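Keep in mind that what you see is a predicted model, and the values were worked out from it rather than measured.
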Amino acid sequence: MVELVLFVLAAAVTLGGALGVIIARNPVHAALHLVAVLVAVAVFFVMQQAPLLAAVQVIVYASAVVVLFLFVIMLLGIDRRESLTEPLRHQRPLAIAVAVALTIEVAVLAGHTWTTGARTQQGTLSGGAVEVLAENVFTRYLWPFEVLAVLLVVAVVGGVTLARHSGEPAGADDLGEGRAAPEPGEVPGP
Amino acid sequence: MNARDVLDLAWLIPVLPLAGAALLFCFGRRLGEPAAGWVATGALAGAFALSVACLVALVGLEGPERSHLVRGHDWIGIGGFRSGVGFLVDPLSITWALLVTGVGSLIHLYAVGYMHGDARYGRFFATFNLFAAAMLVLVLADNFLLAFVGWEGVGLCSYLLIGHWSERPRAATAGVKAFVTNRVGDAGFLVAMFLIFGALGSLDYAVMREGAAQLPAETATAVALALFLACMGKSAQILLHLWLPDAMEGPTPVSALIHAATMVTAGVYLVCRAHPFFDRHAAAGDVVALVGALTALLAGTAALVQVDVKRVLAYSTISQLGYMFLAAGVGAYAAAVFFVVVHALYKAALFLGAGTVIHATGDTQDLRLMGGLRRYLPLTAAGFVASWLALVGVPPLSGFWAKDEVLAKALFAGEPLVFGIGLAAVFTTGLYLTREALLVFFGNERFRRPAGVPAPAHDPTVSPTVDYGTPPGPPPLDGDPHEPGPVMTLPVLVLGVGAVVGGLLNLPFRRLEVLTHWLEPAFEGVEEITAPSFAAAAAVSVVSVTVAALALALAWRLYRRGLPEVSVDPLDVRLGPLGRCFGHAWYYDEAVTAFVGGPARRAAERLDRAVDAGGIDRAVGAVAAGVVRAGAAMRALQSGFLRRYALGVLAGTVALLGYAILRAGAG
Amino acid sequence: MRVTDTWYLVVGALLFSVGAAGVLLRRNVLVILMCIELMLNAANLSFVTFARRLDDVTGQVAVFFVLVVAAAEVAVGLAIVVAIFRQRRRGATADDVSLLRG
Amino acid sequence: MSDFPVLSALIAVPFLGAAATLWVPEQRAEAARAVGYLTTTLTLGLAGLLVWDFRAGVGGFQFVEEHRLSSTLGVSWIVGVDGYSVFLVAVTALLFLLGLVASETVTDRAKAYTFWFLLLEGTIIGVFCSLDLISFFVFWELMLVPMWFLIAGWGSAARRYAAMKFFLYTATGSAFLLAAILALGFLHRADVGELTFDLRALAAWDGPPPGTARWLFAGFMVAFAVKAPIWPLHTWLPDVHTEAPTAGSVILAGVIIKMGTYGILRFCFDLFPGAAVDAAPIMLTLAVVGILYGSVVAAMQRDAKRVIAYSSVAHMGFVVLGLFSLTVIGVGGATFTMLSHPLTTGSLFLVIGMLYERRHSRLIDDFGGVATVAPLLTGAFLVATFAGIGLPGLSGFVGEFLSLLGAFLAHRWWGVAATAGVILAAVSMLWMVRRMFGGPPRGPVASFTDLSWREAATVVPLLALSLFLGVHPRPVLQRIEPTAARTIERLTERTGRRPPAADRARAHHRPAAAGRVPAVGHGDRR
């Protein structure tokens, strides 16, 4: 019974947060809704016996990533209300139609044996989830793990070069130092 | 060396002039002025000697044996078609060979003098010899294909020789006109050969002689008519005759040899050689006879009022050729051959005479500017007069016997219409040739240039030909005309003598018909046309002689004193509008030229523009434009907007899932 | 009434759809990035659900990797966004970046 | 001699030569040309060897080399020649050597010119020798590249347009060809199980169902109809000829358009006999239209090269006429025309090239009276013209006569209509000769120099060969006949259509006794 209540709560937070992300005029509000969604999903992970993932989710995602988002929003100074006008013709109705169609299709398929071949039934992971997870990551999937390491390095290097070199002459290492303080929202361009 | 050994050398007859031609093509320029001429004349004289030897050898054999085949190597052979190079020496072919080499040698001799000072002397004689070789190949071939080689070879040489003075635009055009008109005939020859091969399986004369009898009537008639189309082209019969008058642009020896004595008679040879196709089926024979008769009359009328000395002779040749086909058409092949031989003699003499006259009066060809030349060119005049009287048919000269036999055979073969037309043509012949002879050699001297008038500058690109209707130019000569050297006068005299005695070949009395008897083995299976009685034959002769005499008298009365008024031609005046119609040769040439130059040319140009540029290219262009438009339409998809692409991706996913559902649903 | 896996999957699907719609609807690049995060989480949710049902830890390993990749992706994404905004004045949106127009 | 891979060598040498020209430094043009001469002479030598060793009586393929490259893809390197292709290879080798000699006047970028020229030779010989459909197609497409560069690089004014038109026309056509080849290969595998593109295997197989066979036949025919310009698809030829450099024109008219008719002969008859018989009337009609249309329009052109280009369309009309008469005589005639046409049209283009070098114009009206100024040049042109319009004694006549005869025996009225083409051909060509060579020399024509030794070296061999083949075609016809007979026999077996009676070799044809026959009472028993 507790599980049902918890599930409903988490589901409500998840979907509400998601809708909030796409509806919020102010990107900051969107970011906060995103945090809510991420935490709710972490809860789901816990209910699905994936405690480590929940932890990682919360640590990596909910905090680091969203903070990064907020940081960039503040940096770019676009933390204010936006108009939700839609210049592309037919974009909005089409988008909604596609999303709805997608949901329906997944629902239909989910109810069908076609996708997994196995009927829905209960089952618990044998043993502690973390040990099994760790064992797998460092044995069978070691190679992908190493590739991921490389990926992260690339991401870091990419992030740095992209953010720094675009338009900035070498040497000016930070934003707008030595010039008149940029008026709010103004990004010192070349 | 018995008869057969001599006859085995027959293949040398065409090879000698061919070798001469090859030699002159390579070294003609180096040999230079007279040497090249003598080499060519010598080569042809050698061929003449060999022909005579073959004649003697053939005479040595009895009647049916008089045929000899020299088999060369195979030429074209693939699938069921086999053809080789072989020379058939029989009375018919050796008669022509003698004619070509004999008259040819005399004309070559004449040309040595006539072509004096010509820039391309060597090349002229090379082509002249090549012509003789091609003509000999044509007459000595043992199958139709090899004959066709000779047939087109003479056409080529005629094209080259007409266009010898290529700097003259008229000569170049006349050359093309001659070759193309002959090509129309050659297409007929090709179709005939296809028909023969399709029916008999081979183009050899031997196979034709055996197989032609069993052929169904309409195939034989088709072959005959196709062959006759070829003859009409080559022998300038009506409808395809328009090239011969223009061929006079070539040097006079060319006109004499090719366009009077030999090449134009190739058509008659072909009809005689292919007589199995003609004689058994009335239709073909009638066509040939009728076309021949009409040609004789119409060409005769056209010659009446011409003012160019060579033009008159050109139309006269067309007319006389008409007679030959008239004879062949009614089945009197021997009479046709006799007419060919005799005509070659006196027509060559007339042309050579005309050549001498042209040279003597400062290269003018206008009859109205000559007159009274007999006092200055006595020998040439003698040869010319003899030939004139022979051609008109004054007994006892050769022309009388030949023409009389043709008309007689036509009447007794039951073709009165053709006989009537032929008789009318006799009148025109008498009229136009007497007019020419009187205007040139008799009457008042109209060639002297008055003292004050300066000599016109000699422009090599202007051709001396004078069309009907052009006013006479200034008199050309200031000195006296003088007789050229023996090289030019001897041939005219010899041919003149030939014209006089030529009749002996075939006098119409039982044992004296030498030529008919001689040709009999070649025309085996042709039923003889005999006069019902001696009196009937004599009556025909009397009628034809009186007609000729009337014409002669009329011309004598009109032109006895030459032309008192240079630009007034008494006959032309009397004929009035009819004279103009005759002068323009019934406006046939102008009509064809107008058609080819006008509507045909415009149609071809429209065809080129409409189909190629307009049709196909525009269609291809349309396709290309279509592709470009489609491309432009696709470009809109690449809008550059990120969210459009995202929409596309998701729409794709939805579609795939939908398909999965369908398959799963159905599956 | 017990909570069965299907519910999780339904929530996952809904979450994914909302994320997808968000990507299509919003013009603000950052919001688009956030929506992508939503879609990724939806996927993770399904992974975990199936890991539990099929009693196979691979699902969780996959989620682990997805997380890492997502993090890297956000880092680079934001770097690009910064680069773009550095070029343009304020208020640049996803639609301005259409140089690749055909 | 049998083990030496003549054909592979024949294909390899030009490619190696082309590669060698790359090493030559750019500014040393004569070095590049030297490599060119060496390669083309070597190729000609090999070709001569090939023709010399080619046995006469054999109908099938000779000098066959077979290397199976990959059984899964069914690709293998099979080369071989028979009566049809051996002479085409020889003519190609000859034309390329003479073309190079004629290209002496090409001074800019001589190295690149020689490179593309040799590449072109290799690909064309490849087309004529390969018996594997795939390698045939590869060479067929490869040929386009060097030709495009030659036209676009060294052509005259509108060369870009012409090169592109040439490329697009042929490439579009060969797209269908590729589709048909692959379809055929896979249909064969579906039926027989083994994927192969070997012509002999595919020909031996009794073929796809008639309906499909007709479509595949159409696929092959489109590509070949474009290349050998058959009437509606010919509009690229005049444009390309006017823009191509002289040697390019010679090669194009000489051998490239022969690839189309060769393709018909080599593939369409063996692979789709039924379809060929059904398509014969249509193709004959197109051929006759091509002959008449080509000649008529040729007379109307103002550019000399366009006149000859259109007359080539007419000549190829004769070849197609001979082919689709489906008789041994017709096919033999067509093959012979394919051999004689390069000689005649090649020399015509060479002379036009020489005139172009003297007057820098190709318009007929810019000339006039060349005969009086340059007699040797005129003589060469006249001999080539008369060979072209089929004067007996020159090579043009033999092919034309046999093609017409074959067509006449098979379909009477088509033959008669085509014979009219003989007249129109004479009209168009001689009318051009009249306007260019006849009449008084006009303006700059007066200062023309006559044929130089170098120029004579390019034209005289072709004309001499044409004269030799015209007078003595037997050695060539003997080698073509068995192959043509074999093709028609297979056609008769597979379709039950009997060729006309006169077509088959009969016992009684003339005893080929050389020299004189003792003529006592021969034949004329009276």
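Taking Val31(C), Thr49(C), Leu38(C) one by one and counting their heavy-atom pairs under 4.5 Å with chain A, the maximum is reached by Leu38(C). Among Ile80(C), Leu30(C), Val74(C), the residue with the largest count of heavy-atom pairs under 4.5 Å with chain A is Leu30(C). Among the candidates Phe69(A), Phe45(A), Phe145(A), the residue making the largest number of heavy-atom pairs closer than 4.5 Å to chain C is Phe69(A). Per-residue counts of heavy-atom pairs under 4.5 Å with chain C were compared for Ala24(A), Ala11(A), Ala64(A); the largest is that of Ala24(A).
With a 4.5 Å cut-off on non-hydrogen atoms, Ile32(C) does not touch chain A at all. Using a 4.5 Å cut-off between heavy atoms, Leu19(A) touches chain C through backbone and side chain atoms alike. For chain C, the nearby parts of Ala31(A) are the backbone and the side chain; heavy atoms of each come within less than 4.5 Å. Within the 4.5 angstrom heavy-atom criterion, atoms from both the backbone and the side chain of Val69(C) approach chain A. Only the side chain of Leu38(A) has a heavy atom closer than 4.5 Å to any heavy atom of chain C. Only the side chain of Val37(A) comes within contact range of chain C, judged by heavy atoms closer than 4.5 Å. Of the atoms belonging to Phe7(A), it is side-chain heavy atoms, and not backbone ones, that fall under 4.5 Å from chain C. Both the backbone and the side chain of Leu68(A) have a heavy atom closer than 4.5 Å to some heavy atom of chain C.
Between Leu34(A) atom CG and Met34(C) atom CE the span is 6.5 Å, to the nearest 0.5 Å. Here the OH atom belonging to Tyr8(C) is positioned 12.5 Å from the OG atom belonging to Ser46(C), to the nearest 0.5 angstrom. Rounded to the nearest 0.5 Å, atoms CZ (Phe44(A)) and CG (Leu6(A)) are 8.5 Å apart.
Thr103(A) contributes no side-chain N or O that, together with a main-chain N or O of Ala13(C), makes up a donor-acceptor pair within less than 3.5 Å. For the pair Gln91(A) (side chain) and Leu24(C) (backbone), a donor-acceptor distance under 3.5 Å is present. Looking at Glu73(C), its side chain never comes within 3.5 Å of a backbone N or O of Glu37(C) through a donor-acceptor pair.
Residues Gln57(A) and Asn44(C) bring no donor and acceptor atom of their side chains to less than 3.5 Å of each other.
Residues Val157(A) and Val160(A) form no side-chain contact, since every pair of their non-hydrogen atoms from C-beta on lies 4.5 Å or further apart.
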